[in-house]
*Asks:* 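Following this message is one structure expressed as structure tokens.
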Amino acid sequence: MEYRPGDIEPKWQAHWRKKETFRAEEKPDVDKYYVLDMFPYPSGAGLHVGHPLGYIASDIVARYHRHLGYQVLHPMGYDSFGLPAEQYAIQTGQHPAKTTEANIARYRQQLDQMGFSFDWSREVRTSDPNFYRWTQWIFLQLFESWYNCAHHRAESISTLLTHFRRHGSEGLQAFTTFEGQFTPQEWAAASPAEKEEILQHFRLAYRSESTVNWCPALGTVLANDEVKEGYSERGGHPVIQKKMMQWSLRVTAYADRLEAGLNTIDWPASIVEAQRNWIGRSEGARVYFDLPGREEKIEVFTTRPDTLFGVTFMVLAPEHPLVDQLTTAEYAATVKDYQEMAARRSERERMAEVKKVTGAFTGAYARHPFKDELLPIWIADYVLASYGTGAVMAVPAHDSRDWTFAKTFDLPLRQVVAGGDIEKAAHDAQEGKLEQSDFLNGLPVSQAIPKAIEALEAKGAGRGEVNYRLRDAIFGRQRYWGEPIPIYYDDGVPHPVRETHLPLELPDVDQYLPTETGEPPLARAERWHYHPDKGVVPPGEGYPLELTTMPGWAGSSWYDLRYMDPHNRTEPVGRGAQQYWQQVDLYLGGSEHATGHLIYTRFWHKFLKDRGYIEAEEPFKKLINQGMILGNSALVYRRKGENVLVSAGQVEDPQQYDRIHADVSLVNTSDELDVAAFRRWRDDLAGAEIIAEKDGSFKVLREVEKMSKSKYNVVNPDDIIAQYGADTLRMYEMFLGPLEQSKPWNTAGISGVHNFLRKTWRLFWQEDTWLVTEEKPSEKELKSLHQLIKKVTQDLKQYSFNTAVSAFMIAVKELSDLKCHKRAILEPLLVTLSPFAPHLSEELWEQLGYSGSIERVPFPAYEESYLQESTHAYPISFNGKVRFTHELDLSLDKKAVEEAVLGLEKTQKYLGDKPVRKVIVVPGKIVNIVQ
RNA sequence: GCGGGUGUGGUGGAAUUGGUAGACACGCUAGAUUUAGGAUCUAGUGCCGCGAGGCGUGGGAGUUCGAGUCUCCCCACCCGCACCA
């Protein structure tokens, strides 16, 4: 029999499906292992060879753990709300649910033929009402919660109401933007609208007037992580700042826990760093500066309270609320001009003009807390309203931005930390001792900081504070294809939709565009009003419902939990399922979600834990970012302005040419283009003149780029599978290089892996002869096998799949050379191989006479005793490590012996008094020392 | 500017974590075989040199009997954040 992947792969895929081989069950006495892939957005283009990379790796891990006896949860689903389906709907009028459905069917078919061991009975789709009812439910829990800083956790809003009734705002330690005070009596007397107004400052899901990233082209707001350098991440449209009433989530309440949790998880350093950066914790102090003749104070945040005596002026953000009150009549006009200029400048312009120093004097002064000195107050847009207090104490001698500002506007400098030349540049290093600083004089910076905070606190002029860069997450989107936010409005006051009315299903609309008046698409729905008893009703019978929908990351912030209990009708995840599966042990996906999905998910899990719905504080114990598989584009040179195509080897000055992407399927592995096919493919080039190489071939230029339809460099896994089979594709993708690394797809090497599988097959079959014997294996054969098992076991533990594939190749080659067809060797070999090449392993396992699946056969253990060299080598110990090496005859080379002895004398020192029995050398070098 | 990462043959990449650098695979060269098929098998393949030999892990120093691996200083590229006080 020949190796025919085209026959055996569909056979086993059907078998697995029928027998539900990969169904995960909760067995309390069996250990669990939860391995999860980031679920895909089902795009219209289908999968390319880059998508399965992570799925293959996770599948290997899943199958390996089944061999180890774990209950493995390895699910898959779809992140099926999103912009592309909506934009397609806008263009064609096709309901996004329909396109999504079709795309999912295609994805499923592609995934199935890869032989993944997903438990499809647990599939989830974020756009499925049975799923998003719980996304809406979690939103309602956020709406009904506040953050109690005294208990370091979120609590039901009812505990807050109890506090208000009993104590008013007195003694409350809440994470809030509310700044007023009230008594229990005042609370009792307040109207529902007034009460809600206050509660909005406490709720973890709240509405506020805030500056948002508005993308006019997409007609929606975007979260900070969806904006890259002033352009939308999706589509690359310009983004401007706009004030709007918006739903937000109070993720900032969790800033400290999100930061602290990073130390408890096994994630790549780069992601941990990116999140640290994004959270942006900085320790420092809040300092109050009195304003002569006024009640208000200017509050600033600084990380360098030690430089307090170096302050020579104050700077407020142009939007700072105190600016208008402070500005004197004399400067009112210039300040107003400056404010208007600053407001006009978009985020992007500001970023482009970072070096440009602008500002305006307000005419007002603030008082230094420790000196009888008045500090001029300026406004400037280098101070951001959104960070800290929107105001800074300027220390031009020790902060480069303040320094530039002082130099531009001719403000004084005062050095208070020794070192540097402050006339040339700010001395911002945290080194040196304090001077001209009263009670701080002579202290090094590290000691001056706590001392300054102490003094500020004693005087009531400030306090130590930790500040975060993290902003609350804007949660509303002016789009159709997302989860409706389950809120209705009674006279402008938001109320939650009743839980029993969930899911609040997306209504049908005639078009998927915003309305002429700029309202979100949901405003087009005929029935989109709500009655607390009846649910969704026509207009006139209830209250208006919220028109915005949730952002793309809502469903993905908790989907890992739903897999644990996907069919639960009464809870997002049942207690038993949650307690058994706990958290994801291994999570695989791209690094592009570092500051989006991966932060929001951590936030939601912490919240759900606080409210007692789940047990794990962190969703993902270990995270691996698989690299991207890049396309290997083929470019054809065409002379500028002429219809002449020139082979790459004949091009002298590339400047004179345009480059046209050719479909990579028209190019062979030697970079030769099938010119005739290319002309048929691009009929505008049918009549082009061709200048070929001397040998008549036509060569293209290769370039590594992201895979994309428009670059014609997409390689479809279906084609690879049709030619070589899924097992070859799986092993080849693993063989390409380390999982985490990005690498270009190159089909050239695939024959090596395919040959390996055929060679494996030939250990069992020679044409139609079954070769397997019951003979006793030889030492050599056992050594090959156990070396393999050891290497693969180690590699699996380290997720080093490329080296594991190499180990298989070596072992199979050795066994072929030994003509080893012995059952005692081949059986464990197959089990070891089965996570990597499951179809082939299953098929041969069956032919070995087993009726059950190979899936649960225990993974073989290796034995060191088989691994020892039988000739010319023996174990030695050196520096406490055991190793095996060859013995060499010292008499071979006189020089080597001399050097060996020389080395021996030096080595003897740190070997102590243990006698050295033998020195092992190769000519000129000592290799090892035997004690 | 700050932070993270990477640098090894013609190519993808190994190196038991300080012990003969280049495993494995692709590619290439030569040969064998076959009713040219993108098949199979054998040998060779880091660079320079006819050779003995020399040189080699981005560059330079250092520690060590011994460095791709550890330390310091540079260089290049990739990624993230960025007037964050």
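So that the names make sense, note that chain A is the first sequence line, chain B the second, and so on, each numbered from 1. Owing to the predicted nature of the structure, the values given are computational and were not obtained by experimental measurement.
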*Asks:* A/I810 has an atom CD1; how far is it from atom C1' of B/rA15, in whole Å?
*Replies:*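 That distance rounds to 12 Å.
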*Asks:* Round to a whole Å and report the spacing from CZ of A/R401 to P of B/rG1.
*Replies:*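 A/R401 atom CZ is separated from B/rG1 atom P by 16 Å.
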*Asks:* What is the separation between atom CZ on A/R471 and atom C1' on B/rA82, rounded to the nearest whole Å?
*Replies:*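 That distance rounds to 14 Å.
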*Asks:* If you measure from the Lys or Arg side-chain nitrogens to the Asp or Glu carboxylate oxygens, is any gap between A/E283 and A/R281 under 4.0 Å?
*Replies:*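 Result for this pair is yes, salt bridge flagged.
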*Asks:* Would you say the ring centers of A/H368 and A/F309 fall short of 6.0 Å from each other?
*Replies:*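 Yes, the ring centres sit under 6.0 Å apart.
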*Asks:* A/N802 side chain N/O closer than 4.0 Å to the phosphate oxygens (OP1, OP2) of B/rA14?
*Replies:*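 Indeed, a polar side-chain atom of A/N802 lies that close.
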*Asks:* Can you confirm whether the side chains of A/T252 and A/Y468 place a donor and an acceptor under 3.5 Å from each other?
*Replies:*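 Absent: no donor and acceptor within the cut-off.
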*Asks:* A/P744 near the nucleic acid: base, sugar-phosphate alone, or nothing, with a heavy-atom cut-off under 4.0 Å?
*Replies:*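 A/P744: no heavy atom of the nucleic acid under 4.0 Å.
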*Asks:* Do the ring planes of A/W765 and A/W761 sit parallel (below 30°), tilted (30 to 60°) or perpendicular (above 60°)?
*Replies:*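 It falls in the parallel class, under 30°.
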*Asks:* Quantified in whole Å, what is the P atom distance between nucleotide B/rG19 and nucleotide B/rC55?
*Replies:*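 It comes out at 22 Å once rounded to the nearest Å.
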*Asks:* Provide, to the nearest angstrom, the distance between the CD atom belonging to A/Q626 and the C1' atom belonging to B/rC79.
*Replies:*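 In whole Å, B/rC79 C1' lies 16 Å from A/Q626 CD.
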*Asks:* Quiz question: by atom type and distance under 3.5 Å, do the side chains of A/Y387 and A/S282 form a donor-acceptor pair?
*Replies:*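 A donor-acceptor contact under 3.5 Å links the two side chains.
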*Asks:* Partner of B/rA30 by Watson-Crick or G-U wobble geometry, both contacts under 3.5 Å, or none?
*Replies:*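 Across all strands, the one nucleotide that pairs with B/rA30 is B/rU42.
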*Asks:* A/N625 CG to B/rC78 C1': how many Å, rounded?
*Replies:*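 Taking atom C1' of B/rC78 as the reference, CG of A/N625 is at 15 Å.
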*Asks:* Between B/rG5 and B/rU42, how far is it from one P atom to the other, in whole Å?
*Replies:*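 Looking at atom P only, B/rG5 and B/rU42 are 44 Å apart.
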*Asks:* Provide the distance between the two P atoms, one in B/rG27 and one in B/rG62, to the nearest whole Å.
*Replies:*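 About 44 Å, rounded to a whole number of Å.
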*Asks:* Between B/rG68 and B/rU16, how far apart are the two P atoms, rounded to whole Å?
*Replies:*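 About 13 Å, rounded to a whole number of Å.
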*Asks:* Report the base-pairing partner of B/rG1 (Watson-Crick or G-U wobble, both distances below 3.5 angstrom), or none.
*Replies:*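 In the structure as shown, B/rG1 has B/rC81 as its Watson-Crick or wobble partner.
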*Asks:* Using atom C1' of each nucleotide, how far apart are B/rC72 and B/rA25 to the nearest Å?
*Replies:*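 Rounded to whole Å, the distance is 38 Å.
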*Asks:* Which nucleotide, B/rC41, B/rA85, B/rA14, lies nearest any side-chain atom of A/R762?
*Replies:*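 Ranking B/rC41, B/rA85, B/rA14 by closest atom to the A/R762 side chain puts B/rC41 first.
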*Asks:* Start at the 5' end of RNA chain B and walk down; is the nucleotide closest to A/E273 or to A/S282 reached first?
*Replies:*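 It is A/E273 whose nearest nucleotide is closer to the 5' end.
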*Asks:* What is the distance from CG of A/L739 to C1' of B/rG12, rounded to the nearest Å?
*Replies:*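 One finds 15 Å between C1' of B/rG12 and CG of A/L739, rounded.
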*Asks:* If I take atom NE2 in residue A/H754 and atom P in nucleotide B/rG38, what distance separates them, rounded to the nearest angstrom?
*Replies:*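 Between P of B/rG38 and NE2 of A/H754: 15 Å.
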*Asks:* When you measure from the side chain of A/N277, which nucleotide among B/rA15, B/rC81, B/rA85 comes out closest?
*Replies:*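 Out of B/rA15, B/rC81, B/rA85, the nucleotide with an atom closest to A/N277's side chain is B/rC81.
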*Asks:* With respect to the side chain of A/K813, which nucleotide from B/rG4, B/rA85, B/rA25 is positioned closest?
*Replies:*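 For A/K813, the side-chain atoms sit closest to B/rA25.
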*Asks:* Mind checking who B/rA25 pairs with, Watson-Crick or G-U wobble, both distances under 3.5 Å?
*Replies:*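 WC or wobble partner is B/rU11.
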*Asks:* Could you tell me whether B/rU40 is syn or anti, where syn means a glycosidic angle within 90 degrees of zero?
*Replies:*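 Nucleotide B/rU40 adopts anti.
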*Asks:* Which nucleotide sits closest to the side chain of A/S751: B/rC26, B/rA85, B/rG4?
*Replies:*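 So the side chain of A/S751 is nearest to B/rC26.
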*Asks:* Contact class for A/Q723 (heavy atom, under 4.0 Å): base, sugar-phosphate, or nothing?
*Replies:*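 Answer is base: heavy atoms of A/Q723 come under 4.0 Å of a base.
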*Asks:* Only one of A/Y724, A/F801, A/F756, A/W745 forms a ring pair (Phe, Tyr, Trp, His ring centres under 6.0 Å) with A/Y732, so which one is it?
*Replies:*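 With A/Y732 as partner, ring pair (Phe, Tyr, Trp, His ring centres under 6.0 Å) holds for just one option, A/W745.
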*Asks:* Tell me what A/Y724 touches on the nucleic acid: a base, only sugar-phosphate, or nothing, going by heavy atoms under 4.0 Å.
*Replies:*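 Counting heavy atoms under 4.0 Å across all strands, the contact made by A/Y724 includes a base.
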*Asks:* With both distances kept under 3.5 Å, what pairs with B/rG53, Watson-Crick or G-U wobble?
*Replies:*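 Across any shown strand, B/rG53 pairs with B/rC48.
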*Asks:* Where does B/rG13 fall, syn or anti, if syn means a chi angle no more than 90° from 0?
*Replies:*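 Chi for B/rG13 falls in the anti range.
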*Asks:* Take atom P in B/rU69 and the same atom in B/rU57, then report the distance between them in whole Å.
*Replies:*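 Nearest-Å result for B/rU69 against B/rU57 at atom P: 9 Å.
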*Asks:* Which part of the nucleic acid, if any, lies within reach of A/R758 when heavy atoms closer than 4.0 Å are counted: base, sugar-phosphate only, or nothing?
*Replies:*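 Touches sugar-phosphate only.
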*Asks:* Could you tell me how far apart A/K819 (NZ) and B/rC41 (C1') are, to the nearest whole angstrom?
*Replies:*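 Whole-Å distance recorded here is 11 Å.
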*Asks:* Both distances below 3.5 Å, Watson-Crick or wobble geometry, any strand: find the nucleotide opposite B/rA76.
*Replies:*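 Across any shown strand, B/rA76 pairs with B/rU6.
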*Asks:* Does a side-chain N or O from A/Q741 land closer than 4.0 Å to OP1 or OP2 of B/rG13, or not?
*Replies:*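 So the side-chain polar atoms of A/Q741 do come within 4.0 Å of the phosphate oxygens OP1 or OP2 of B/rG13, strictly under.
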*Asks:* Only pairs with both distances under 3.5 Å count, Watson-Crick or wobble alike; so what is the partner of B/rG37 in this structure?
*Replies:*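 Result: none.
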*Asks:* Sort out for me which residue in A/E299, A/K297, A/R463 forms a side-chain hydrogen bond (donor to acceptor under 3.5 Å, both in side chains) with A/Y288.
*Replies:*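 Exactly one candidate clears the test, A/R463.
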*Asks:* Is there side-chain contact between A/L456 and A/L308, with at least one heavy-atom pair below 4.5 Å?
*Replies:*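 Yes; the side chains approach each other to less than 4.5 Å.
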*Asks:* Would you measure the distance from the P atom in B/rC26 across to the matching atom in B/rU17 and give it in whole Å?
*Replies:*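 One P to the other, the span is 29 Å.
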*Asks:* Select from A/M393 and A/S591 the residue whose nearest nucleotide in RNA chain B is closer to the 5' end of that strand.
*Replies:*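 The residue whose closest nucleotide sits nearer the 5' end is A/S591.
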*Asks:* Using a 4.0 Å heavy-atom cut-off, does A/N755 contact any base of the nucleic acid, only the sugar-phosphate backbone, or nothing at all?
*Replies:*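 Sugar-phosphate: the residue A/N755, judged by heavy atoms under 4.0 Å, touches backbone atoms but no base.
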*Asks:* Between B/rU6 and B/rU40, how far is it from one C1' atom to the other, in whole Å?
*Replies:*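 It works out to 40 Å between them.
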*Asks:* Among B/rC83, B/rG4, B/rA85, which nucleotide sits nearest the side chain of A/A269?
*Replies:*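 In terms of side-chain proximity for A/A269, the closest of B/rC83, B/rG4, B/rA85 is B/rG4.
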